[in-house]
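Position 1 is the first residue of the sequence, and the numbers go up from there. Start at 1 and go down the list; that is how both ligands and their atoms are numbered.
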Amino acid sequence: MSGYLDARPKVGYFYTGKKANQLVSEVLSKMFVKNYKAVPVVIKEETSVYDAIVTMFLEDVGTLAVLKNKGTLIGMVSRKDLLKAAIGNQNLHEIPVSIVMTRMPNIITCEVNDPLIEVANKLIQYQIDSIPVVRPMEDGYEVIGRITKTTIAKAFVELGIEKEV
Ligand code: ADP
């Protein structure tokens with residue numbers, strides 16, 4: 001009954017007393033990163049700015065996670081980072097992404113059991129488009145997914161569709 005009404009044997013239906021926003025936040029608190037994350041798109045730190053741009057087009061994403069040789073997260077590179085390098089009139093084949101990316105420890109991350117609403121809040125708070133989903137390891141973070149503004153838009157639409165059923 002959408003949460004407004006509940007039923008008990010011998011009592012019948014009764015009003016739960018919950019307001020609409022309480023019900024919405026109850027639903028949101030049950031949405032977790034693990035159920036919504038997209039596959040990660042990663043490159044190595046020595047990848048050139050040129051190849052990073054090509055990867056962005058081929059993978060159709062706006063942000064790439066940059067990994068150290070061992071596979072741990074070392075940075076994030078976005079469209080504007082690459083544009084900045086490109087207007088610098090340098091040889092894009094020779095500049096590694098590690099020069100233009102944002103580096104650890106300044107990377108905002110999330111984990112599989114985080115509520116999606118908290119990650120959406122981080123996207124807004126830090127004014128970024130993408131947050132890597134990570135798993136802590138001995139020597140850093142392994143990247144196992146990503147949450148982007150598109151992920152949040154998709155989850156929002158899904159909520160609207162579920163309500164109609
Ligand atoms: P765009 O540059 O395409 O507008 P963003 O708004 O996501 O994309 O990026 C803005 C800046 O934030 C860039 O310098 C980028 O390197 C950095 N950035 C991107 N993702 C993250 C993240 N998860 N944590 C910290 N910084 C990030």
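When heavy-atom distances to ligand 1 are checked against 4.0 Å, the residues falling inside are M76, S78, R79, K80, D81, T102, N106, I107, I108, Q127, I128, D129, S130, P132, ordered by chain and number.
Nearest heavy-atom pair across I147 and C110 is CG1-SG, 4.2 Å.
T55 places a side-chain N or O within donor-acceptor distance of the main-chain N or O of D51, the cut-off being under 3.5 Å.
Using a 4.5 Å cut-off between side-chain heavy atoms of Ile, Leu, Val, Met, Phe, Trp and Tyr, with links allowed through other members, M137 and M104 fall into different hydrophobic clusters.
For T148, the side-chain hydrogen bond (donor to acceptor under 3.5 Å, both in side chains) test picks out T151, with sequence neighbours left out.
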- request: Output, in order, the C-alpha distance, side-chain angles, deciding distance and verdict of salt bridge (Lys or Arg N to Asp or Glu O under 4.0 Å) for D139 and K68.
  value: CA-CA 11 Å; D139 52 351; K68 259 198 254 188; over 6 Å; no

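For the atom pair OG1 (T109) and OH (Y141), the distance works out to 5.0 Å, reported to the nearest 0.5 Å.
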